[in-house]
Amino acid sequence: MEGDCLSCMKYLMFLFNFFIFLGGACLLGVGIWVIVDPTGFREIVAANPLLFTGAYIMLAMGAMLFLLGFLGCCGAIRENKCLLLFFFMFILIIFLAELSAAILAFIFRENLTREFFTKELKKHYLRNNDTDVFSSTWNSVMITFACCGVNGPEDFEAVPHLPHSSLESVTPEACCQRELQSREGLFVNKEACLTGVERFQNRQGCYTVILNSFETYVYLAGALAIGVLAIELFAMIFAMCLFRGIQ
């Protein structure tokens, strides 16, 4: 009976580690995509130290989960106590790190409000000055998502014009409609856009557009994170039980 129980535990341990292995592969893939994606996210990530750090943390966590899932599977199938102990200690560290990250994300969630982004935009945005990282990043966001400002074009009324600017327009070029939503895309009517003709401008704010674009993925990511934490917890329990059961 005890042997059957140990055998059952071994295969359950293998199953949990297989899911950890897959979860690590997914995180690794997402991290690589965020860093190398050519549609503007790479510039956004590079410009924001927090996002830049987060992307590499995601890569590191994905690689570690990928490796630990593999080691856990091997430890369970081969009934190797050393591998199981190694697996338990590292999965515990990862579990605590992920829990800490979730708590920090909840504490600093106020930094992702509409008001915060509006204040930062009005304070640091330099319109078409692409030598400024903040302005270049915002321009990339507005072009990629076909949006304007945080709330709309009115956000730029308080933004000063660049010296020697030939066109006195409240709306920056990045808010003008393009045939293709990329920096290489041709303007539908740039002159009319800059002189205030609304039908040639992107009027919707980026905060709403991006929130709507990622709302589904945020809930999916949250559910995935909870699932990963639960799997890691069960994997640690099975690892210890299997460790104690191996003679």
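Nothing fancy with the numbering, it's 1 onward along the sequence. Since we're looking at a predicted model, the values are computed, not measured.
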Might you work through the side chain to side chain contact (heavy atoms under 4.5 Å, CB included) test for Glu173 and Phe187, ending with a clear yes or no?
CA-CA 9 Å; Glu173 286 184 10; Phe187 291 99; 4.2 Å; yes

Across all chains, not counting sequence neighbours, the side chain to side chain contact (heavy atoms under 4.5 Å, CB included) partners of Ile93 are none

Evaluation steps, side chain to side chain contact (heavy atoms under 4.5 Å, CB included), between Cys74 and Leu83:
CA-CA 8 Å; Cys74 291; Leu83 281 178; 4.3 Å; yes

One should read off an interatomic distance between Met64 CE and Leu27 CG, to the nearest 0.5 angstrom, of 12.0 Å

Kindly determine whether Cys176 and Leu194 satisfy side chain to side chain contact (heavy atoms under 4.5 Å, CB included), including the steps that lead there.
CA-CA 8 Å; Cys176 295; Leu194 295 177; 4.0 Å; yes

Drop me the distance from Phe18's CZ to Phe70's CZ, to the nearest 0.5 angstrom.
12.5 Å

Leu211/Tyr207 under side chain to side chain contact (heavy atoms under 4.5 Å, CB included): CA gap, chis, key distance, verdict
CA-CA 6 Å; Leu211 199 65; Tyr207 191 87; 4.1 Å; yes

Here the gap from Phe117 atom CZ to Lys122 atom NZ, rounded to the nearest 0.5 Å, amounts to 15.0 Å

If only atom types and distance count, is the side chain of Thr208 paired as donor or acceptor with the main-chain N or O of Gly205 below 3.5 Å?
no

List for me each residue that meets ring-ring contact (aromatic ring centres under 6.0 Å, His included) alongside Phe88, sequence neighbours excluded, and say none if there are none.
none

Hits for ring-ring contact (aromatic ring centres under 6.0 Å, His included) against Phe21, two or more places apart or cross-chain, chain-then-number order -> Phe66

When clusters are formed by joining ILVMFWY residues with side-chain heavy atoms under 4.5 Å apart, either directly or through shared neighbours, do Leu68 and Leu84 land in the same one?
yes

Are side-chain heavy atoms of Thr195 and Lys190 found at a separation under 4.5 Å?
no

So which heavy atom on Val209 is nearest to which on Cys147, and how close?
CG2-CB, 4.0 Å

Is there side-chain contact between Phe116 and Leu121, with heavy atoms separated by less than 4.5 Å?
no

Which residues share a side chain to side chain contact (heavy atoms under 4.5 Å, CB included) with Phe95, sequence neighbours left out:
Leu99, Leu229, Glu232, Leu233, Met236

Does Glu198 have any side chain to side chain contact (heavy atoms under 4.5 Å, CB included) partners at least two apart in sequence or in another chain, and if so, which?
Gln201, Arg203

When you compare the side chains of Asn151 and Thr118, does any donor N or O come within less than 3.5 Å of an acceptor on the partner?
yes

Could you measure the distance from the CZ atom of Phe145 to the CG atom of Asn212? Nearest 0.5 Å is fine.
11.5 Å

Qualifying residues under ring-ring contact (aromatic ring centres under 6.0 Å, His included), relative to Phe90, sequence neighbours excluded:
Phe86

Shortest non-hydrogen contact between Ala174 and Asn202, atoms and distance:
O-ND2, 4.4 Å

With respect to the side-chain SG atoms, do Cys175 and Cys148 come within less than 2.5 Å?
yes

Give every residue pair that meets the salt bridge (charged side-chain N to carboxylate O under 4.0 Å, His left out) criterion with at least one member in residues 139-152, sequence neighbours excluded.
none

Side-chain cluster (under 4.5 Å, hydrophobic types only) that Val197 belongs to, other residues
Val188, Phe200

Hey, could you give me each pair passing salt bridge (charged side-chain N to carboxylate O under 4.0 Å, His left out) that has a residue in residues 56-72? Not counting sequence neighbours.
none

Met89 meets the side chain to side chain contact (heavy atoms under 4.5 Å, CB included) criterion, sequence neighbours left out, with none

Measuring from Arg178:CZ to Met142:CE, what's the distance to the nearest 0.5 Å?
10.0 Å

Go through the structure and list residues passing side-chain hydrogen bond (donor to acceptor under 3.5 Å, both in side chains) with Glu120, not counting sequence neighbours.
His124

Value for CG (Asp155) from CZ (Arg114), rounded to nearest 0.5 Å, stands at 9.0 Å

